[in-house]
Each structure stands twice: as C-alpha cells, then as structure tokens.
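Comments concern the structure below.
In listed order, ligands and their atoms are each counted from 1.
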Amino acid sequence: MSKLHIPFLRTPLLLCVLVLLPLPFKVISQDANTEKTILLNLKQQLGNPPSIQSWNSSSLPCTWTGVTCGDDGSVTELDLGDKGITKTIPPTICDLKNLTFLYMNLNYIPGEFPKVLYSCTKLQHLDLSQNYFVGPIPDDIDKLSGLRYIDLGANNFTGNIPPQIANLKGLRTLFLYQNQFNGTFPKEISKLSNLEELGLAFNNFVPSSIPVEFGQLKKLRLLWMRLANLIGEIPESLTSLSSLETLDLVGNDLEGKIPDGLFSLKNLTSLYLFGNNLSGEIPQRVETLNLVEMDLGMNQLNGSIPEDFGKLKKLQLLSLFENHMSGEVPPSIGLLPALKTFKVFSNNLSGALPPKMGLYSKLEEFDVSTNQFSGQLPENLCAGGVLQGVVAFENNLSGPVPRSLGNCNSLHTIQLFSNNFSGEIPAGVWTASDMIYLMLSDNSFSGGLPSKLAWNLSRLELNNNKLSGPIPPGISSWVNLVVFKASNNLLSGEIPVEITSLPHLSDLLIDGNQFSGQLPSKIISWKSLTSLILSRNALSGQIPKEIGSLPDLRYLDLSQNNFSGEIPLEFDQLKPVFLNLSSNHLSGKIPDQFDNIAYVNSFLNNSNLCAVNPVLNFPNCYAKLRDSKKMPSKTLALILVLTVTIFVVTMIVTLFVVRDYQRKKAKRDLAAWKLTSFQRLNFTEANILASLTENNLIGSGGSGKVYRVAINRAGDYVAVKRIWNNEKMDRNLEKEFSAEVQILGTIRHANIVKLLCCISSESSKLLVYEFMENQSLDRWLHGRKRSQSMGISSFGYMAPGKSTQQLHCAFVNGDEHTSLADWAWQQFGQGTPIADCLDPEIKEPCFLQEMTTVFNLGLICTHPSPSTRPSMKDVLEILRRVSPDSNGETKTGAELDVLPLLGTVTSLSATTQHETA
Ligand SMILES: *[C@@H]1O[C@H](CO)[C@@H](O)[C@H](O)[C@H]1NC(C)=O
Ligand SMILES: *[C@@H]1O[C@H](CO)[C@@H](O)[C@H](O)[C@H]1NC(C)=O
Ligand SMILES: *[C@@H]1O[C@H](CO)[C@@H](O)[C@H](O)[C@H]1NC(C)=O
Ligand SMILES: *[C@@H]1O[C@H](CO)[C@@H](O)[C@H](O)[C@H]1NC(C)=O
Ligand SMILES: *[C@@H]1O[C@H](CO)[C@@H](O)[C@H](O)[C@H]1NC(C)=O
Ligand SMILES: *[C@@H]1O[C@H](CO)[C@@H](O)[C@H](O)[C@H]1NC(C)=O
Ligand SMILES: *[C@@H]1O[C@H](CO)[C@@H](O)[C@H](O)[C@H]1NC(C)=O
C-alpha cells in the first residue's frame, strides 16, 4: 500500500544508480526503500529527536539505531526506548507491516492509550512503560490480538482494568504496575492460560482479595502484587501455581495463615510477604529448596523458626523481623552456605545464637536486636570478610566481643547496647576503616578509650559501662565525630584541650564520671556543639567564658561539680533550651537573661549567687550589697561612684522630662502615673502620655484602645495598649495584673512581642510594646474583612490573662478564662473532630489536611509533659512538610499525618538528644 503513496521513489534515475553501483551486498528490495520513507516520516512525526539522528537517507534503515530487520530486510523491531520522545505515536508506524517488537519505554509520550497501534497486525511485544499516558485502558484492547508481551507500567493510567484484556490469549507477560488504577482488576485474568508474568504492583485498586481463580495460572512464574491494596487471606489455590518462582505480595493488608502448600512449591526462589497482617505459625515442613530470598517481616507470625530452614542451601536472605516468633534459632541456620542477610530483630526469640553463623557463608548483614537472646555473640560472624553490620542491641547477650570483629574492616556499624557484654572492646573495633556508628552503651565494658579512631566514625556511644582512665590527648584525631556519649563510666583525669578541637562534634555527654581539674580555658573549635553535658564530675575552677560564645549550644549541664567564681558575662549570648548550673560553688549575679522564672531550676544550690527577680528565690543582689557590713573599701568606692552617677543621670533625665513636660503644657498629672520598666527605655511616660491622641489610634475594642506612638525623630515607634479606662480596678485584679506584667516583662523571646514597660494610674493601665509593623496574627489570618477589633487574640501575642502564669500563649476562645491550648486539649479529649475545632472564618476545605496537621502539631507542642514535646527542629521540619512548595502544592497526603510522624520524631530525638534528665 505504501508503495502507492510514494511512487516517485521508483524513478528510473534511482534505479540506474542502484544498478550501476557495484554493491557488495544483496540487492535491496523495493520494500526496504518504502520502509525507509516510512521511518523518515516517522522520525519527522516524532519531532526529530536528536537521539535518532542516524536515521537519514545516507544509509540503510536496517543499520539505523533501534531498527532491526528480519531475514528479508523488512523492519521487525523498533527500539525507541529512552529516545527523548515527547510526541504521540503516529498511525504511520503500522505501515511497517512486519513490525513485531515495539519498545517505546522511558520517554515522555503523552495522551491516552495509543489505539493507532491496533493496525500493527503482527505486533507481539509492546513496551510503553515509563511514559506520560493517562486515562483508562480501552475496552477494545483485545484488538491487539497477537500480543504476547505488554508492559504499560509506570504511567498514569486510571480506572478499572477491563476484563477484555483476558481475550489476549497469547499473553505471556502482563505488566500494569505503578499506575493510578483506582478501580478493580478482573478475575478473568486467570483465563490467560499462557501467562508467565503478572505485575499489578503499586496500584491503589479498590480493596480486593486475590481471586481464587488465579490458581489456574499454571504457567505463572511471577506474581507481583506489591502494594496493591489486597485484603483477605492468601487463597489456598495459589499453592497449585507449580511454576511459581517469585511471589511478591509485600505491603498489603493480607491476613490469616500462610498456606502450608506455598512451602511445597519446588521452583519458588523468592517469597516476599512482608508488611502484611499474616498470623499463625510458619509451616514446619519446607520443600521450597530453591528459595534464595525469603522476607516475612512485619507480620503477626508466631511460633518458632522451622528446623527445615536449615535445608535451604540457596538461601541468601532470611528476614523475619517484627513478628512474634519465639524459641531458639535452629543452629543449622548458621551452617547455610549462601546466607548473606539474617534479620530477625524485634521478635521474642531466645537461647543462643547459632554459634557457627558467618563461618560457612559470606555474611553481610546480621540484625538480631530486640529479642531475648543470651550467651555470646557467634565467634566468626566476619569470617567471609564482607560483614557490614553487627546489630544485636536489647538482648541478654554476655561475654566479650569476639576478638575477630576487631579484624573486620568491612564493618560500618556495631550496635550492641543494652546487653551484658563485658571485657575490653577489641582494639581493631575502634579503628575498622569503614566504621561509622559504634553504639555500645548499657553494658559492662571495661578498659580505656583509644587514642585513634576510625577516620569516619561519627557516633560513639559508651554510656553506662565501666570504662576507666583518661580521655587521651589523641582525641584530636577523632575528627569526624558528631556524637560522643560516655556518661556514667569511671573515666577520670582532666578534660584535655584537644577535645575542643573536634569541628563536627554536636553532642558531648560525659556526665557521671570522675573528671577533675579545670575545664580547658581555650576552646579550639566546637562550632557545631549543641549539647555539653558534664554534670556529676569533680570539675572545678571558673567556667570558661568561651562556653558563652558557642553559637549553637542549646543544652548545657554543668551541675554537681565544684565550679566556682562568677557566671561569665558571655553567658548572656546563649540561647539554651536546657541550662543547669546547680550544685556548684558559683557566686555573683545571675546573668540578666536567666533572671526569670524559666530558669528557676537552673541555679539551685549555689549559696553565693544573687538575683534581681524575686521569683528565683535568691538573695536580692542590691539588698545584699546594701546589707553587707564587711564590704571591702574598693567595692564601697565602686558603689559610691555608681550611686553618684545614677543620681546625676536621674537628675539630668528629670530635668529634661520636666522641661519637656512644661513645654508641652500637658495637663496630665504625671505624679499619678507609675512607670514599671523592664529594660532600658529611650522614652519617658510623658512622651507616651502626650501622644495618646485620636490621630495615633490604630485599633480599639471592648477593653481599650491601641495607639502607635513615635518615640523619636528617627521614626521608631512603640505600640501602647490602654486598658480599663475610667473604671477603678478591683484590688485583687490589680495585684494579679502586676504579677503577670512582671513575668511578661522579663521574657525575652524572638517570637514574643517585647513588653517594654507598664505605665499605670488608678483608673487606667498602659502597656507599652515593641511595635510590630506586620500587624496582628488575626489580621494575617482574616485579612481586612474583620473590623479593627482589638480584643485580647491583637497586640502582643501574650495578653494578660489567667494562663500567662503558666507561660502559655493565650489566644482566648469564647470562655476568656481558658487558654487556647487548654481548650484544644479539651476538644481532643472529648473526641471532637478536628475540622469542627477550626475557625470557620479561615477554614478552607482544600487545606483541611494541612490545618489538621498544624492543629495536631499545636497539641503535641503544648503537651502537659514537656519531655513529650518535639524539638523546634522537628517542628520546623513538619511545618516545612505541610507548607506549600514553590508550585503552591503541598506534599502528598501520606506525609501529612503528623501524629505517627511525631512518634518517629520523638523517638528519634530521644535517641539523639542528651539523656540526662
Ligand atoms: C546520518 O547518519 C550517519 C550515521 O548513520 C551519521 O554519521 C550522520 O551524521 C547523519 N547525518 C546527518 C545529517 O545527521
Ligand atoms: C514481511 O515478511 C514476509 C515474510 O516473513 C515477507 O514476505 C514480506 O515481504 C514482509 N513484508 C514487508 C512489508 O517487508
Ligand atoms: C502522573 O501522576 C503523578 C502523580 O500523581 C503526577 O505527579 C504527574 O504529574 C502525572 N503525570 C501526568 C502526565 O499526568
Ligand atoms: C478514578 O480516578 C478518576 C480520575 O482521577 C476519577 O475520575 C474516578 O472518579 C476515580 N474512580 C474511583 C472509583 O475512585
Ligand atoms: C521448575 O524449574 C525447572 C528448571 O528451571 C524447569 O525445568 C521446570 O519445568 C519447572 N517446573 C515447573 C512446574 O514449572
Ligand atoms: C490484623 O488482623 C487482626 C486479626 O487477625 C485484626 O484484629 C487487626 O485489626 C488487623 N490489623 C490491621 C492493622 O489490619
Ligand atoms: C499463634 O497465634 C495463633 C493465633 O493467630 C494462636 O492460635 C496460636 O496458639 C499461636 N501459637 C503460638 C505458638 O503462640
């Protein structure tokens, strides 16, 4: 037919050329020339992708990339996989009458299923995987009647898989994995009696069970239905799939027993059932002697590990983690000649580990953690020389760490914490060249610390052992260390200055040892240090001032030592989340920044400290100075000078105030106003009072008005909130007000508006805040649609109210005596749906999930028990995840469920943060 379309190709001239040329190969058929034209057209229609530039008239089609011809020179195979194609498939492709194999995978082909291919009557093999196809699989797909192989995986097909697909009787392979199918798959697939491979994995089908009829697929070698929303039991009929080699049902909701017959399938090599809800015991009789990989992890399996597993001579992977398996591991498993990976963590297994494990196979992974194993670690785990990890934490293992592990350079990690190991840690373990994590806490290890460490070791955990001796000066070579924990050992000597040279160190926990002497007065690096926990030692001398300048320090515990002298002034630069200097011999003034209720437990039991804020329960620094009778004359002189200076300054200031006041002829009786300031002010009450005019009014509401007041000519402003105008205040209320204002005034936090001072008279209170240009949270949430109400949710994120005593944020909702946090927890406790708790004015259905996440986050952040609250880092991470990305899209739904996420987050931070509390 195509010959008729393009007759000009058969011009006499071309024929002459062909005849005259002394061609060394057989004469090219006219068909070949036609097919050349077809292919050149095809190239054009596919948008001339550079990847098929070799398709040009200077050569023969059968030599072009991706073109394969049959014996008669006609094109039988087109391999256009990964050619950067972005256009739909043109109908002319079926003008290649003998096209049998078509690979167009790994391109960017858009649109619906290409029905144009129905005209390719000889097509047997069709690979369209990894493209941009959308829409359903058409009902008339059976028009591709010659197909033996079809791969439509990794596209965006949706809907149901039509039963007509079962009319493709010749199909050997049906791959529909990783699409967006949201309907059903037909049981008629079972009629494909030649089917050898069936891949429906990674689709969100409506929950369905595995059709019993699938047992009829006698030639099936691969059944791949990972993450396909399967429910119900594994049908007994699958045990008649006698050709089955791989069964992959990972990550579904399958329950019930594993059918005994599965372990009789002689050709089975790979059995992946992990991440289901399978229960009962694993059959004891095992005839699947060709099994290479078996992963039954994360189910509810119980009973013991079958003795017959010892017969699986080809087994490389044995994984049973997170089940309820009990009993001993059959010693025969230690003799398996092919075993590479042995993972049985988180079960109830007990007894000794197979003593010969590692001796007969090249073991790579060994994880038996969180069981009740006892006895020693097998002696020869690394005999094959390729072992990457020994993970055996949380067992009852005892004895020494086998010396052979000290000669195992392939190791990345040894995790033996929470056992009863004893003896010295073999020297080679510290220095194994690829070691990254060494986690040996909670044992009875003895001996000293090494002066050399594996160059890449980043985490060294040795808490709660019996290690002794000094920290060697060679510690400066531990250059990549991030976490060093050696709390509660018998370590002693001085803390060498070399330890301060570790540039990546973030956690240093060596509390509960016998360190003595002074801390190094020089800190060489410690740029990354966030936790410095040195409590319960015998350290003495001054606290080095450099500690105050560590940029990232958040946890500092120097308690229960013999530190003396004053707390360095530099500590005012710290922003600690946790600070404990109690039970030392410190003296002098508590730095201003910590002189408030948040640090009430940070300085206990230092009898010579003084404070200004009475809440800390220390002698008042100034009262102390005044009362002191035996004051040295130098101090007296200093005090005199200070007093005179303050007097003079006060006089000058007063003079200015009076002058200013007179100039403005203010009528107000200044004497009636009392100013309580919380920091140095560059204005006076007169400045403020004179400016409370209608011009400066920026908001008003039930309880008062808010003004914006310029305090200098440079354009600096403060916000003044005037409350309870013209009403005499109840005395008790007045007291409470003052107490709370006192607390608010002493809080310094980047996210809390600073209360600068309070100016009060009998009938009126003025709260003077830092002015925030960006207005209130309320305004951000509601835009301008709300009137300028100025209730307590407007200026200052903390408004005076009952809850400020507990330092809670007080967005008051309805009942003005409940804080928002309390109210939210109440709703949570009563099981109110979160959607009902959200402010209807800002509730947007499309962001409901994000809002729910943030609500949950708020809950967990205000959890009554502080230790349950996540760290700011984790909070930030969660907020990042829910915040829209640059395209305005949030991350997928699965990531948004914050409560489980917080579970991980808290357990994570529990292991990474200090454990001193
Ligand atoms: C034509 O194809 C040959 C290889 O078959 C290639 O070397 C040549 O660069 C191509 N010519 C053009 C113009 O792309
Ligand atoms: C297709 O192959 C058959 C034989 O296999 C041959 O006779 C025929 O010419 C070929 N068709 C084309 C268009 O080359
Ligand atoms: C296919 O689906 C994914 C996931 O939903 C989406 O990110 C992608 O944009 C879709 N592609 C097309 C071409 O529809
Ligand atoms: C499946 O997805 C399509 C396209 O997204 C949608 O139109 C259809 O309603 C969905 N069907 C089901 C059963 O969810
Ligand atoms: C099992 O595998 C062997 C070797 O690959 C093969 O010869 C045999 O036919 C297979 N058995 C079945 C029932 O498919
Ligand atoms: C697992 O199966 C048990 C019954 O065997 C059922 O009670 C439980 O809810 C299931 N769990 C999940 C997560 O499906
Ligand atoms: C295993 O669990 C099943 C219930 O799923 C129970 O009937 C059986 O007794 C358990 N077996 C053992 C050994 O615990």
Next on the checklist: Show, in sequence, the C-alpha distance, side-chain angles and deciding distance for Thr76 and Phe101, and conclude whether the side chain to side chain contact (heavy atoms under 4.5 Å, CB included) test is met.
Outcome noted: CA-CA 6 Å; Thr76 55; Phe101 295 85; 5.5 Å; no
Checklist entry - How would you list all residue pairs meeting side-chain hydrogen bond (donor to acceptor under 3.5 Å, both in side chains) that involve residues 252-265, not counting sequence neighbours? => result Ser264-Glu287
Next on the checklist: For residues 268-280, which residue pairs pass the side-chain hydrogen bond (donor to acceptor under 3.5 Å, both in side chains) check, not counting sequence neighbours?
Outcome noted: Tyr272-Glu293, Asn277-Gln300
Next on the checklist: My understanding is that only one of Asn107, Leu106, Asn105 makes a side-chain contact (heavy atoms from CB on, under 4.5 Å) with Tyr103; could you say which?
Outcome noted: Asn105
Item to check | Glu281 and ligand 7 - part of the residue with a heavy-atom distance under 4.0 Å | outcome: side chain
Pairs under 3.5 angstrom, nitrogen or oxygen on both sides, ligand 5 versus protein: list them out, please.
unit_1, atom_1, unit_2, atom_2, d
ligand 5, 2 (O), Asn267, OD1, 3.3
ligand 5, 2 (O), Asn267, ND2, 2.4
ligand 5, 11 (N), Asn267, ND2, 2.8
ligand 5, 14 (O), Ser243, OG, 3.0

Checklist entry - Aromatic ring centroids of Phe185 and Phe205 under 6.0 Å? => result yes
Next on the checklist: I'd like to check which ligand 7 atoms, numbered from 1 as shown, lie under 4.0 Å from a non-hydrogen atom of Asn302.
Outcome noted: 1 (C), 2 (O), 3 (C), 8 (C), 10 (C), 11 (N), 12 (C), 14 (O)
Next on the checklist: So if I count the atoms of ligand 4 from 1 in the order they appear, which ones are less than 4.0 Å from some heavy atom of Asn182?
Outcome noted: 1 (C), 2 (O), 3 (C), 8 (C), 10 (C), 11 (N), 12 (C), 13 (C), 14 (O)
Checklist entry - Going by the side-chain hydrogen bond (donor to acceptor under 3.5 Å, both in side chains) test, which pairs reach into residues 205-220, not counting sequence neighbours? => result Asn194-Lys219
Next on the checklist: Regarding Lys343 and Asp295, does a basic nitrogen lie under 4.0 Å from an acidic carboxylate oxygen?
Outcome noted: no
